[in-house]
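Naming convention: chains lettered A, B, ... in sequence-line order (proteins, then strands); numbering from 1 in each chain.
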Number of protein chains: 4
Amino acid sequence: MARNKGAKGQESRARLLAAAAEQFAGLGFYETKISSIVAQAGLTQPSFYLYFESKEAVFEELVGHFRSRLRELVASSRLESGLQPGEVNARVLGVLETLFRFFTEDPHLTRIGLFQAPQAGSIKAELAALIRDNLLEEQRSGYFRSTLDMDVVAQCFIGTLERLTFAYLSEGAGNPEQLAAQVVELFMRGMLPEK
Amino acid sequence: MARNKGAKGQESRARLLAAAAEQFAGLGFYETKISSIVAQAGLTQPSFYLYFESKEAVFEELVGHFRSRLRELVASSRLESGLQPGEVNARVLGVLETLFRFFTEDPHLTRIGLFQAPQAGSIKAELAALIRDNLLEEQRSGYFRSTLDMDVVAQCFIGTLERLTFAYLSEGAGNPEQLAAQVVELFMRGMLPEK
Amino acid sequence: MARNKGAKGQESRARLLAAAAEQFAGLGFYETKISSIVAQAGLTQPSFYLYFESKEAVFEELVGHFRSRLRELVASSRLESGLQPGEVNARVLGVLETLFRFFTEDPHLTRIGLFQAPQAGSIKAELAALIRDNLLEEQRSGYFRSTLDMDVVAQCFIGTLERLTFAYLSEGAGNPEQLAAQVVELFMRGMLPEK
Amino acid sequence: MARNKGAKGQESRARLLAAAAEQFAGLGFYETKISSIVAQAGLTQPSFYLYFESKEAVFEELVGHFRSRLRELVASSRLESGLQPGEVNARVLGVLETLFRFFTEDPHLTRIGLFQAPQAGSIKAELAALIRDNLLEEQRSGYFRSTLDMDVVAQCFIGTLERLTFAYLSEGAGNPEQLAAQVVELFMRGMLPEK
DNA sequence: CATGAATGAGTGTTCATTCAT
DNA sequence: GATGAATGAACACTCATTCAT
């Protein structure tokens with residue numbers, strides 16, 4: 001009941017997953033009915049259970065995808081130590097761009113992971129912790145003002161990312177790079193140490 | 001159907017509303033059952049319909065409360081013109097404190113209005129627009145850097161407020177004034193004009 | 001709980017009864033709600049139970065009224081024996097007119113008694129039996145063709161009366177006398193003995 | 001939602017429809033419960049909704065059946081012109097027999113269509129209109145007395161048919177042909193032109 | 001690999017009726 | 001004589017899930 005092998009089966013499974021993602025994102029968990037998922041995927045209800053254990057299970061699978069890909073992303077953008085002071089700006093810009101791009105890339109998944117999932121809170125908390133750790137390391141290296149509570153700053157970043165993603169990117173307005181630049185402009189003067 | 005007069009009736013209605021707010025906030029709309037709302041309120045199911053048209057109706061009433069109180073709050077915190085340059089900081093600080101306090105004051109309602117409601121998006125959009133208008137006026141008066149896109153800035157504020165509220169305040173950690181101060185410290189240097 | 005005496009009480013009871021008759025006639029038993037009856041009567045629900053035992057009870061009271069008044073009517077129109085052959089026509093005409101008038105007089109009650117009541121069938125059967133008895137006596141007296149099955153004829157009269165009442169009279173079209181005349185014209189040639 | 005294809009499905013649907021017809025006819029719309037319909041059909045409640053949209057929908061389907069079959073019947077019994085005067089009697093007899101037979105054929109449906117349905121009034125009105133049109137054509141051809149108001153006559157036929165159907169046929173007493181003959185004997189002398 | 005048919009369990013809602021005042 | 005408030009009992013309907021094929 002976990003992974004069906006044949007080519008046609010994988011195709012069906014993928015269609016179901018895509019339909020589920022779209023509907024969960026648009027309607028939320030409860031307003032999304034198995035009947036409408038399978039309809040969109042061109043299958044019947046029992047087929048659904050050929051590929052997934054339950055409605056909860058698909059939802060969890062989607063949330064899981066989102067969460068683990070997000071984790072990888074942030075992990076891989078860990079600061080290499082030995083950063084030059086002049087590069088801090090670019091570094092933060094890069095991280096923001098990467099996150100904006102990630103959120104824009106699969107909007108259904110993003111919407112599910114950041115809004116629809118009951119775990120949305122803990123996902124954001126986890127993300128915040130990762131970002132905070134990055135920031136703390138940089139702060140210790142003297143790149144950032146020592147008076148800042150990096151816990152708070154990380155939360156501000158998350159909130160900002162989240163809001164801008166939904167206000168602009170999911171509406172198809174603006175683009176990741178431009179938004180990231182504006183955020184950097186807004187935040188950095190408050191973060192860099194006084195000259 | 002929403003105007004029962006006697007004192008006892010108003011009491012019952014209030015109990016139902018409070019129970020509904022608590023459960024909606026904690027469990028969401030769908031996992032909240034009328035049966036458990038009335039149980040918490042010490043009544044039976046039919047009584048619920050003495051005071052509310054439907055499950056949707058109570059939910060909407062709560063969201064409506066939140067939305068309109070939020071509206072009033074922001075409207076009443078419009079900037080009086082004739083602000084001294086030195087006061088800008090304090091002004092923004094004040095607005096942030098007010099909003100933090102408002103969000104903390106009735107956590108159930110806040111959770112419903114900002115997360116559980118399908119209209120959460122439009123509520124935040126509305127709030128963003130109001131804040132943006134405030135900011136724009138101040139920008140025109142020269143209090144803020146002219147290169148800033150106040151639309152984006154407003155969204156950053158909303159995201160930040162929202163995130164901090166849920167990360168700290170609803171956990172009972174931190175306090176509105178302290179958080180507001182940190183946000184001001186973080187944002188202001190990026191917002192005030194260069195000397 | 002049966003008969004409240006005071007003037008005001010009688011007034012209230014009458015208003016309830018009238019409202020009930022109107023609504024039962026128009027909407028039927030099930031679509032008529034106690035709440036709407038009392039609303040129309042300008043009272044509250046508990047007041048209803050001051051005057052009637054139950055919803056069924058009011059309905060029965062109305063049906064009972066109809067049934068007993070109809071009974072009296074037919075009973076009182078029994079043929080005096082010693083009728084002259086030439087008067088038969090006028091006699092039947094008179095009975096029809098009387099019944100048409102009765103049905104038109106209180107349309108709500110008529111609609112309830114002939115259509116809405118579960119006993120409608122037995123009411124019509126009873127009426128048919130009474131009419132049949134009248135007809136039989138006249139047949140025995142030689143006023144009517146001896147080949148006619150007066151049981152059937154009576155049913156034809158009932159059906160005709162009922163249909164014409166609802167097609168014309170309750171629409172405010174036509175009048176009892178004229179309709180009665182037409183029925184007599186249609187039926188009598190088939191009923192009177194061949195010359 | 002009304003087109004399930006397999007043989008087993010059609011069987012179930014038919015059983016539900018039959019059970020519904022029987023219970024609606026016997027108990028009326030409101031006293032008939034979905035639970036008892038499905039019980040009689042040997043199914044469970046959700047299965048009902050596999051075949052019908054709602055309780056109202058089955059009822060309407062039954063009424064619709066009745067109405068359209070009745071329409072066809074009357075339409076197909078339109079008078080061929082070129083009728084011989086001597087055949088008028090037989091013609092009317094034939095129509096009456098046909099209608100009596102139709103009403104007797106599916107007693108549940110008849111009871112629903114003529115009594116239980118809120119549209120019963122309009123169904124009878126429609127039937128009356130169709131019969132009146134037939135009669136009018138014959139009247140124009142000189143087969144019937146020109147003084148008769150065929151609108152009224154048609155209503156008399158309907159009432160008579162209805163009453164006799166329920167008084168005799170649904171009790172299993174009498175038979176269509178015999179009743180039709182008696183009606184013809186009663187009405188025709190009043191309808192045929194004076195010699 | 002897929003489907004037609006069926007179901008268990010649950011939930012919102014309605015309404016006649018009553019209690020206490 | 002009347003009412004505000006409350007309730008018991010029921011019922012239609014939904015939906016995720018599962019057999020049997």
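Annotated stems with DNA chain F as a participant read E:2-21 with F:2-21, given as range with range, by first number; only runs of 3 or more Watson-Crick or G-U pairs under 3.5 Å qualify.
Annotation for D:Q23 and D:T32: closest pair O-OG1, 3.0 Å, computed over non-hydrogen atoms.
For the pair B:Q10 CD and F:dA6 P, the computed distance is 12 Å after rounding to whole Å. Remark: P of F:dG4 and CG of B:L43 are 18 Å apart, rounded to the nearest angstrom. In this entry the distance linking NZ of D:K8 with C1' of E:dT3 reads 13 Å, nearest Å. Taking atom CG on B:L50 and atom C1' on E:dG12, their separation rounds to 16 Å, with Å as the unit.
Using cut-offs of 30° and 60° on the angle between ring planes, the pair C:Y30 and D:Y30 is parallel.
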TODO: Please assess D:R111 against D:E22 for the test salt bridge (charged side-chain N to carboxylate O under 4.0 Å, His left out), listing each intermediate value before the final yes or no.
DONE: CA-CA 10 Å; D:R111 203 170 179 85; D:E22 183 177 335; over 6 Å; no
TODO: Encode nucleotides 14-21 of chain E as B, S and - characters from 5' to 3', where the letter depends on protein heavy atoms closer than 4.0 Å: B to the base, S only to sugar-phosphate, - to neither.
DONE: BBSBBB--
Which pairs would a plain distance check flag for residues 113-120 of chain B, meaning a side-chain donor or acceptor within less than 3.5 Å of a matching protein atom at least two apart in sequence or in another chain?
{"from": "B:Q116", "atom 1": "NE2", "to": "B:F24", "atom 2": "O", "distance (Å)": "3.3"}
{"from": "B:Q116", "atom 1": "NE2", "to": "B:A25", "atom 2": "O", "distance (Å)": "2.9"}
{"from": "B:Q119", "atom 1": "NE2", "to": "B:E60", "atom 2": "OE1", "distance (Å)": "2.9"}

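Distances shown here put every side-chain N or O of B:Y51 at or beyond 4.0 Å from the OP1 or OP2 atom of F:dA5. Taking 4.0 angstrom as the limit, C:T44 places a side-chain polar atom (N or O) nearer than this to OP1 or OP2 of F:dT3.
Side-chain contact check for C:Q45 and C:S35: no donor-acceptor pair (N or O, by modelled atom type) lies under 3.5 Å.
Ion pair B:R67/B:E72 not flagged as a salt bridge, since none of the NZ, NE, NH1 or NH2 atoms sits closer than 4.0 Å to an Asp/Glu carboxylate oxygen.
In this structure, A:S12 contributes its side chain and A:K8 its backbone to a donor-acceptor pair below 3.5 Å.
Residues C:F66 and C:F102 place their aromatic rings such that the two centres sit under 6.0 Å apart.
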